[in-house]
2 protein chains.
Amino acid sequence: MLRLSKKSEYALMAVKYMALNQNGKCITVKEIAGIYGISFQLLAKLMQKLVKNNIIISQQGTKGGYMLNKQTKDILLADVISAIEENYSLTDCIESEDPEDSCARANCCIIRDPLAKVQQKINRIFAETTIKQIL
Amino acid sequence: MLRLSKKSEYALMAVKYMALNQNGKCITVKEIAGIYGISFQLLAKLMQKLVKNNIIISQQGTKGGYMLNKQTKDILLADVISAIEENYSLTDCIESEDPEDSCARANCCIIRDPLAKVQQKINRIFAETTIKQIL
DNA sequence: TTATATACGACTTAATTAGTCTTATATATA
DNA sequence: TATATATAAGACTAATTAAGTCGTATATAA
Ligand code: SF4
Ligand code: SF4
């Protein structure tokens, strides 16, 4: 269906929200989750993934929360999405080191290479769009 | 996860197979399903969708089967995929006449418009690729 | 020491995708 | 005209993935 997961949407919202509202101070999960009606626990774990991908940094404890770790011009759409989605590819075989391992049809498949090229074009779109551009 | 459905893959395989192997004669579901290890019943229904979208034409009965209804340069990737997927959009709100009807967050969402622009770029990729180009 | 915040694995539920079953209809050909 | 072969199509089931929840641990400012 080519859908982005809700998780990716939430993460994008959070990153954009932080870009617009952090002014040297931390922003909490509670705040973002409250504003957009996102499950607190779910968003919390997405934020943790963003931390692991160096997109944001966390501060635990009272007055804690999150802050962006980069300038908005240096955060790509691809960064945020790939931090959340394990692999966002059109097919099972793409991005797999051994295609035959990921798909039983890999050896007889006539659309594998064409779709891989389409994938590259899509990747380019995500890699050419920065958070700054979508503020 | 941004995956194309297996159904779309099967339909694409079938269209490409027909383009390569039909020489004025019909090609049956059985033949295609057999070669690529696709469920017969499943592929049969995909073919029916392709018929409804005027991509192929069907011939019932003995010696029946399917034939392409257009030249390969006139069949777009977008045609095949949209024939199979009800709507292939990044988010629930895109392609919905009333966004608020499709998503409760539509009024407070800050990523709707940016993602709609990304969608347009992706649509362009699918609309610029023809079956002829992937033979 | 307490209140507030993130960290994170395990688990459950909901939704979607993929595949199957069944019956009907069309048609070439013997 | 009977038969074998092919598509047409709705209802149903199984498998997979996505979305959300629960519980517990850890960090830290005040
Ligand atoms: S090899 Fe072909 S069938 Fe298998 S995942 Fe890749 S594109 Fe799909
Ligand atoms: S309005 Fe926002 S949250 Fe809702 S589907 Fe569209 S992008 Fe996603």
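Chain identifiers are assigned alphabetically (A, B, ...) following the order of the sequence lines, protein sequences preceding nucleic acid strands; residue numbering begins at 1 within each chain.
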Between [N] atom [atom2] and [X] atom [atom1], what is the distance in whole Å?
X: Leu46(A); N: dT6(C); atom1: CG; atom2: P; value: 13 Å
X: Gln48(A); N: dG20(D); atom1: CD; atom2: P; value: 17 Å
X: Glu86(B); N: dA15(C); atom1: CD; atom2: C1'; value: 13 Å
X: Glu85(B); N: dA18(C); atom1: CD; atom2: C1'; value: 12 Å
X: Leu43(B); N: dA8(D); atom1: CG; atom2: C1'; value: 14 Å
X: Leu90(A); N: dT17(C); atom1: CG; atom2: C1'; value: 16 Å
X: Met67(B); N: dA6(D); atom1: CE; atom2: C1'; value: 16 Å
X: Ile81(A); N: dA18(D); atom1: CD1; atom2: P; value: 14 Å

Starting at the 5' end of DNA chain C and moving along, which residue's nearest nucleotide shows up first, Met1(A) or Tyr66(A)?
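So the residue in question is Tyr66(A).
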
Could you report the tightest heavy-atom contact between [X] and [Y], atom names first, then the distance?
X: Ile110(A); Y: Met13(B); answer: CD1-O, 3.6 Å
X: Ile57(A); Y: Leu68(A); answer: CG1-O, 4.5 Å
X: Ala14(B); Y: Leu43(B); answer: CB-CD1, 4.2 Å

Taking C-beta and beyond as the side chain, do Met18(A) and Met47(A) meet within less than 4.5 Å on heavy atoms?
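Touching, per the 4.5 Å side-chain cut-off.
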
Between Glu9(B) and Cys103(A), is there a side-chain heavy-atom distance shorter than 4.5 Å?
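No; the side chains remain at least 4.5 Å from each other.
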
G-U wobble or Watson-Crick pairing nucleotide for dA26(C) (cut-off 3.5 Å, both distances):
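Pairing partner, where one exists within any strand: dT5(D).
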
Anything under 3.5 Å between a donor and an acceptor, one on a side chain of residues 121-135 of chain A, the other on a protein residue two or more places apart or in another chain? List them.
from      : atom 1 : to        : atom 2 : distance (Å)
Asn123(A) : OD1    : Gln119(A) : NE2    : 3.0
Thr129(A) : OG1    : Ile125(A) : O      : 2.9
Thr130(A) : OG1    : Lys132(A) : N      : 3.4
Thr130(A) : OG1    : Gln133(A) : N      : 3.2

Tell me yes or no: between the side chains of [X] and [Y], is some donor less than 3.5 Å from an acceptor?
X: Glu85(A); Y: Ser8(A); answer: yes
X: Gln22(B); Y: Tyr66(B); answer: no
X: Arg3(A); Y: Ser89(B); answer: yes
X: Glu95(A); Y: Tyr88(A); answer: no

Counting heavy atoms from C-beta on, name the nucleotide in [options] closest to the side chain of [X].
X: Thr62(A); options: dA6(D), dA3(C), dA5(C); result: dA3(C)
X: Gln60(A); options: dT28(D), dA7(C), dT17(C); result: dA7(C)
X: Lys63(A); options: dT17(D), dA11(D), dA29(D); result: dA29(D)
X: Thr28(B); options: dA8(D), dA6(D), dG10(D); result: dA6(D)

Heavy-atom contacts under 4.0 Å between residues 29-42 of chain B and DNA chain C, which residues?
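Within residues 29-42 of chain B, the residues near DNA chain C are Ser39(B), Gln41(B), Leu42(B).
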
Classify the nucleic acid contact of Met47(A) as base, sugar-phosphate or nothing, counting any heavy atom under 4.0 Å across all strands shown.
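Contact class for Met47(A): none.
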
Using a cut-off of 4.0 Å on non-hydrogen atoms, how would the nucleic acid contact of Lys52(B) be classed: base, sugar-phosphate, or nothing?
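Sugar-phosphate, no base atom in range.
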
Output the residues of residues 4-12 of chain B in contact with DNA chain D, where contact means a heavy atom of the residue under 4.0 Å from an atom of the strand; sort by number or write none.
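Within residues 4-12 of chain B, no residue comes under 4.0 Å of DNA chain D.
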
Check the phosphate of dA29(D) against Gln59(A), side-chain N and O only, distance under 4.0 Å to OP1 or OP2. Yes or no?
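For dA29(D), OP1/OP2 do have a side-chain N/O of Gln59(A) under 4.0 Å.
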
So, does Ser58(A) get its side chain near the phosphate of dA7(C), meaning an N or O under 4.0 Å from OP1 or OP2?
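Ser58(A) to dA7(C) OP1/OP2: side-chain N or O found under 4.0 Å.
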
